[in-house]
Amino acid sequence: MTPIATSNGTAMGIADGRPRILIPEKVSPDGLAMLEPHFDVDVKLGLTPAELISQIPAYHGLIVRSETKVTEEVLLAGKKLRVVARAGVGVDNINVPAATSRGIIVVNSPSGNILAAAEHTIALLLATARNIGKADGSLKQGGWERSKLVGIEVGRKVLGIVGLGKVGMNVARMAMGLGMQVIAVDPYANPDMARQAGVDLASDLKEILPVVDFLTIHTPLLATTLDLVGEEEFKSMKKTARVLNVARGGVYNEAALVKALDEGWIAGAGIDVFTSEPPKPDTAAGQITRHPKVVATPHLGASTVEAQENVSIDVCTQVLEILRGGLPTSAVNAPIILPEEYRKLQPFVQLIEKMGRLYTQHFVRTKGGLVGGRNFELIYHGDLAGMSNTKPLYAALVKGLVASFSDSHVNIVNATLIAKEKGIKISETHSHQSSDVTYANLVTLRAHAEDGSGEQVIEGYASDKRLYISKLDRFNATFNPEGTMIILHNYDEPGKIGGVGMVLGSHGINIRFMQVASLDEDLKHGASGARAEPHAVKKGNEALMILGIDRPVDDEVMEGLRRSEGVLDVVLVQL
Ligand SMILES: NC(=O)C1=CN([C@@H]2O[C@H](COP(=O)(O)OP(=O)(O)OC[C@H]3O[C@@H](n4cnc5c(N)ncnc54)[C@H](O)[C@@H]3O)[C@@H](O)[C@H]2O)C=CC1
Ligand SMILES: O=C(O)C(=O)COP(=O)(O)O
């Protein structure tokens, strides 16, 4: 069990046969070969948006590149979807917030194709400088135009880079190798790395525009980077300047670029990406592709054999891991948990989810005035108290608490959101008092009943890969929270076990195990902290009987047990 998998061991709640993966774009077979032994992998190229929506309900995973628009509609229709993988960097074609709210993990390959994108930028840089596209086209038409196609050198020229991230930094290093002077604008750039690479950092785009001979943008497409360069910016550039775009269509305003080229505000452009792909002929993007001063490529930045192998292996590894219940290495919408940390937390994730399930089934369904609370405290003792990243434990509790009354798919991606929706508040305490623990680790789940009847407690621990509940409400117990169980609250008097056994036996129900949990010694003697009594029970005269049974039982059996003498309450729980 993991923060993402379900407690019954079926990865990601997939109980209905082999998980299915849909791949509506060309993704390198290297990664797909890793998936095929485990999943049904359907490569279906050229699906229309409507076809994608109608087919996605059958799939648990979706792997895309830049062409597929993973809209909210697609994500809503994908009832079984657990992961959307982007075989590349940019996730602007995926509605990430909609995926997050549905607990769908979005992963990408943050560095599998960055070298390819950087090299393509350099290819466009040289192609625009030396009129490569035009020269090739002319020669193929039978021409031999030498004097018309004189270019410029890039060595000793100034390259401006906007966005000194992974691609930008690689472009910078390559450009330095070509003898260029590189200046960059990136408010979040690491100044030490920039200095080491020989890149001068400028504070403002406006500052660099008048001095650059080439300008290249390598930011993601965001609200803040849309139309970063428009008419005003083009006008402030040198007339001999050339601009490059291997990031996303829209970072240069396309209409403004056409005007800048037509009016001679700049000399040329090398463009790989467009606001709409393929560009429609009658749009500014279409005009750019046909423009004589432009070298255009059809979004080829990541299209190298090596990059496609890298991104395919990167995302398929993560899809495999996620659908088997593990953690991704580069999720766009999930917190980062180191594998080592994750391994240590794993048994507790399972334990806490079970405690959450037990809580809801035991305290919410119990008759006699007990109502489940919504304000919880998770207290970590022993080894667990030292764990700093407990997000998976928090998510496990939300998942366990809501499992019985909601079909929300809860995981570390959406746990906070779902808790908020359901009005659940959870505080986490790391207890460093060694005196309260007799085990190497212990988790206390505490809640306050909504009806003000007091505190409700469940405690549990993990030992030797097994999970134990050590306290349930006011009773000390030791049982494994597994399978179907009947929990009887009864007077602690002789003969109870026999009576219960008779009722179950008469319905042919086998008892797997039985455990009598007695009242906490402190509470027997009326120590403070005990909640108000729901029943007219004499203090110290109660017990919980926990029976593991081999199958769920119907209302008739439960009623039979309830009518047994000395039984105060009976709850059926499924863990
Ligand atoms: N054409 C193609 O086939 C490919 C295109 N790309 C595109 O390249 C983009 C960049 O990729 P990476 O370098 O891997 O991303 P990255 O996240 O490593 O770098 C982006 C950089 O942009 C900076 N930035 C953000 N907003 C900015 C602003 N307003 N002004 C200046 N800097 C800003 C960030 O601080 C960051 O350093 C991707 O988002 C993707 O859209 C990536 C790979 C292939
Ligand atoms: O990785 C990226 O951001 C890219 O733009 C590459 O797109 P592609 O996978 O070639 O459609």
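What you see below is based on every heavy atom in this structure, not just the backbone, and it leaves out hydrogens, waters and symmetry mates. The first residue of the sequence shown is numbered 1, and numbering continues consecutively from there. Counting convention: from 1, in listed order, for ligands and their atoms alike.
When Arg65, Lys26, Gln308 are checked for heavy-atom proximity to atom 8 (P) of ligand 2, Arg65 turns out nearest. Summarising the contacts of atom 1 (O) of ligand 2 with Ile114, Val27, Val89, the nearest heavy atom is found in Val89. Nearest residue to atom 26 (N) of ligand 1 from Thr225, Val89, Ile161 is Thr225 (criterion: closest heavy atom).
A side chain to side chain donor-acceptor pair (under 3.5 Å) with Asp213 is found for one member of Lys157, Gln181, Lys238 and no other, namely Lys238. Paired with Val91 under the rule side chain to side chain contact (heavy atoms under 4.5 Å, CB included), one option of Val70, Leu221, Asn108 passes, and it is Asn108.
Side chain of Glu353 to backbone of Gln350: no donor-acceptor contact under 3.5 angstrom is found.
In terms of polar-atom proximity, defined here as any N/O pair under 3.5 Å, Asp272 does make such a contact with ligand 1.
Heavy-atom proximity to Gly88, at under 4.0 Å, picks out these atoms of ligand 2: 1 (O). Using a 4.0 Å cut-off to heavy atoms of Val273, the atoms of ligand 1 that qualify are 1 (N). Of all atoms in ligand 1, numbered sequentially from 1 with element shown, those under 4.0 Å from a heavy atom of Val162 are 31 (C). For ligand 2 and Gly90, the ligand atoms under 4.0 Å from any heavy atom of the residue are 1 (O), 2 (C), 3 (O). Distances below 4.0 Å separate heavy atoms of Gly301 from the following atoms of ligand 1: 1 (N), 2 (C), 3 (O). For ligand 1, the atoms sitting less than 4.0 Å from at least one non-hydrogen atom of Val185 are 31 (C), 32 (N), numbered in the order shown with element in parentheses. Taking every heavy atom of Ala302 and a limit of under 4.0 angstrom, the matching atoms of ligand 2 come to 6 (C), 10 (O). Close contacts between ligand 2 and Arg248 involve ligand atoms 2 (C), 3 (O), 4 (C), 5 (O) [criterion: under 4.0 Å to a heavy atom]. Per-residue contacts place Val167 under 4.0 angstrom from the following atoms of ligand 1 (heavy atoms of the residue considered): 11 (O), 12 (P), 13 (O), 14 (O).
The closest approach between any non-hydrogen atom of Pro187 and ligand 1 is below 4.0 Å. Contact annotation: Ala87 has at least one heavy atom less than 4.0 Å from an atom of ligand 2.
Taking atom 24 (N) of ligand 1 as the reference point, the nearest protein heavy-atom neighbour is Thr219 CG2, 3.7 Å. What sits closest to atom 11 (O) of ligand 2 on the protein, heavy atoms only, is Ser66 OG, 2.4 Å. For atom 2 (C) of ligand 2, the nearest non-hydrogen atom of the protein is Arg86 NH2, 3.0 Å. For atom 5 (O) of ligand 2, the closest non-hydrogen atom on the protein side is His299 NE2, 2.7 Å.
Side chains of Asn93 and Ser66: a donor-acceptor N/O pair is absent below 3.5 angstrom, by distance only.
With contacts defined as side-chain heavy-atom distances shorter than 4.5 Å, the pair Glu67/Glu277 does not qualify. Using a 4.5 Å heavy-atom threshold, the side chains of Asn113 and Asn310 count as separate.
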